[in-house]
Amino acid sequence: MMQMTTEPSHETDGEVRQDAREEIPVDAGGAEASPAKASLSRRAWGTVTDLFRMRLDKSGHRVFLVAAAFAGVYAVIGGRLIQLGLRPDPPTAYRAAVSETSGARPDIVDRNGTILATDVRTVSVFAEPRRIVDKDEAVELLTAVLPDVDARDLREKLGTKRGFVWVKREITPRQQQEVHRLGLPGVGFLPENKRVYPNGNVVSHVLGFTNLDNQGIAGIEKYIDGQGLAALNMAGLTTDPSDMKPVRLSIDLRVQHAVRDELIKGIEKYKAKAAAGLILDVNTGEVIALVSLPDYDPNVPTDALDPNRINRMAVGVYEMGSTFKALTTAMALDSGKVGINSSFDTRGALHYGRFKINDYHGTNRVLTVPEIFIHSSNIGSARMALAVGVEGHKSFLKRLGQLDRMRTELPESAEPIVPSRWGELNTITIAFGHGVAVAPLQATAAVGALVNGGTWITPTFLRREIEEAKAAGHRVIRPETSEALRYVMRLNAEKGSASRAAIPGYYVGGKTGTAEKVIGGRYAKNRLFTTFMAIAPADKPKYLFLNLYDEPQGLPETFGYATASWNAGATTGKIIERVGPLLGLPPRFDPPTAPFPVMARSGAWGTR
């Protein structure tokens, strides 16, 4: 059998080999790619080029490929949109909005739990300028719904590139619905806390007020922020007032209302420019009531900017007149240089250089210490102060907090005005309440220490138990001196200028004070500042009352007199009669047994 072999011609073989060499790809390093890879690349490229040739039988494949490409692109876009929709809001506009909303505040209640200040939920409108397409249209529509929004100001806000701006804070539910119906993109709502004061003006000078961001600006509201609330708000940790314990004040709303009501009547009756009243628990230092008129509504805090609406008890400083003689009497007795039976010559006038001191209603005779007090003798008080001496006088007033700014929970306070150089003449005039100006609150605190047994207790506007007060207090005078001062104050209610406040059953003691106001650097005799301090009951005081009038006028029924006994004293009596039962002071119509034992043993003037 023959075996046949066929060989290609050399020419054809050479051509095939040459083509093969030309089509074998070469990698980046210069080496030839493998034959398998080369064959795969040729087939893929051939399929693509064949697909896009202008052949009718390939058109279906082309349509499918283009549709698949578009479907892939849309799938990527749709997936991204879903991702953005499910992801939490980025830290841009919304977070900026939340950071600017008002935080929650704790309720403020009086000593009996009655709400004085609380938060209510409200809504505010905000905008994201970068998302608003037609800013002019947005301004026109928003100002039509919210007419009190300034169009120019809003247009400027929306013209910025900020991520968040307020349109209007604290809108009504109806306004919210109307803005919502506008359907403006980039305009939204945020819930906020708004501070409200349900009792209006009644406790305004104690509570203070907040701003639009619910931050305390004055009074107890500012004190609360200073205790750490502001830091919590900035950290976003205060969103619900129910999470916070209410702040309980020492104020009794019932008593506060009664004091304010009587002072309003007094201003009208005596035609005074202003008035103020205070009730202090002398054993705990708690302020039970504090009123200063004119006052303001903390729901409309712009009213507080009127300088005539200051807190006269804590911010105003005044020469307290003869009420300061209580301090002078206690100082003289506690020094040991003067006794309760000591006598001083008040005849004529007291001359010091070119100055002459007179008594308002002088007796022109020698007076004992109790007589000096009930006759309110300027000469006798000055001689007692001179017996103690300038340094002793300054030291005593310093001990009773009269030469330094008084600090309480209220941020508002005033520095007393004291002589830069204190000599004997200053001691003479300060002895009867001229020459040094203090806040009435700090004068009240001093007298409170003089009648409670001799313990200084810093006043507080928060609830305080008596054990806490005793632990924080410190002794400033001897108990015997305290009894002596209570005795002369009671004697003054029985026989002196405090008789108009001596309401039967309450065993009241008191001291009047009338000071001429300084106008243009000189004392004006017809422009008076009148004060009255009273304690009840005088044998064992629980409460100290202070009331004052600024420039009261004399009336026919007061025989033209505008001194303290006729106005501040009369008002104090009405207040004691009205609030006594509320304070737990039931009338006692039987006099106490041995109310002042030390005075009785000493044979003090008036005990027999």
Check for me whether the distance between the ring centres of Y270 and Y549 falls short of 6.0 Å.
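Centroid separation for Y270 and Y549: below 6.0 Å.
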Electrostatic pair [X]:[Y] at N-O distance under 4.0 angstrom:
{"X": "E262", "Y": "K574", "value": "no"}
{"X": "R248", "Y": "D110", "value": "no"}
{"X": "K542", "Y": "D281", "value": "yes"}
{"X": "D550", "Y": "R527", "value": "no"}

Say whether, by atom type as modelled, one donor and one acceptor occur between the side chain of [X] and the main chain of [Y] under 3.5 angstrom.
{"X": "N112", "Y": "T114", "result": "no"}
{"X": "T571", "Y": "A568", "result": "no"}
{"X": "Q402", "Y": "L400", "result": "yes"}
{"X": "S124", "Y": "E170", "result": "yes"}
{"X": "E156", "Y": "D153", "result": "no"}
{"X": "H205", "Y": "R309", "result": "yes"}
{"X": "N311", "Y": "V315", "result": "no"}

[X] and [Y]: side-chain donor and acceptor closer than 3.5 Å?
{"X": "N193", "Y": "R105", "value": "no"}
{"X": "T460", "Y": "E286", "value": "no"}
{"X": "N547", "Y": "T572", "value": "yes"}

Criterion side-chain contact (heavy atoms from CB on, under 4.5 Å) on R111 and I251, from CA distance to verdict:
CA-CA 6 Å; R111 65 188 302 109; I251 298 293; over 6 Å; no
Which heavy atom of [X] sits nearest a heavy atom of [Y], and at what distance?
{"X": "P129", "Y": "G163", "result": "CD-C, 4.2 Å"}
{"X": "I457", "Y": "V282", "result": "CD1-O, 3.9 Å"}
{"X": "A138", "Y": "I132", "result": "CB-CG2, 3.9 Å"}
{"X": "R195", "Y": "N214", "result": "CB-OD1, 3.3 Å"}
{"X": "L158", "Y": "A127", "result": "CD2-CB, 3.7 Å"}
{"X": "Y223", "Y": "E409", "result": "CB-O, 3.3 Å"}

Parallel, tilted or perpendicular: ring planes of F529 versus Y318, cut at 30 and 60 degrees:
parallel
Please evaluate residues D306 and N308 with respect to the criterion side chain to side chain donor-acceptor pair (under 3.5 Å), reporting the C-alpha separation (whole Å), side-chain torsions for both, the decisive distance (0.1 Å), and the verdict.
CA-CA 5 Å; D306 183 348; N308 196 38; 5.3 Å; no
Can you list everything that forms a side-chain contact (heavy atoms from CB on, under 4.5 Å) with V145? Sequence neighbours excluded, please.
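Counting only residues at least two positions away or on another chain, V145 forms a side-chain contact (heavy atoms from CB on, under 4.5 Å) with E178, V179, L182.
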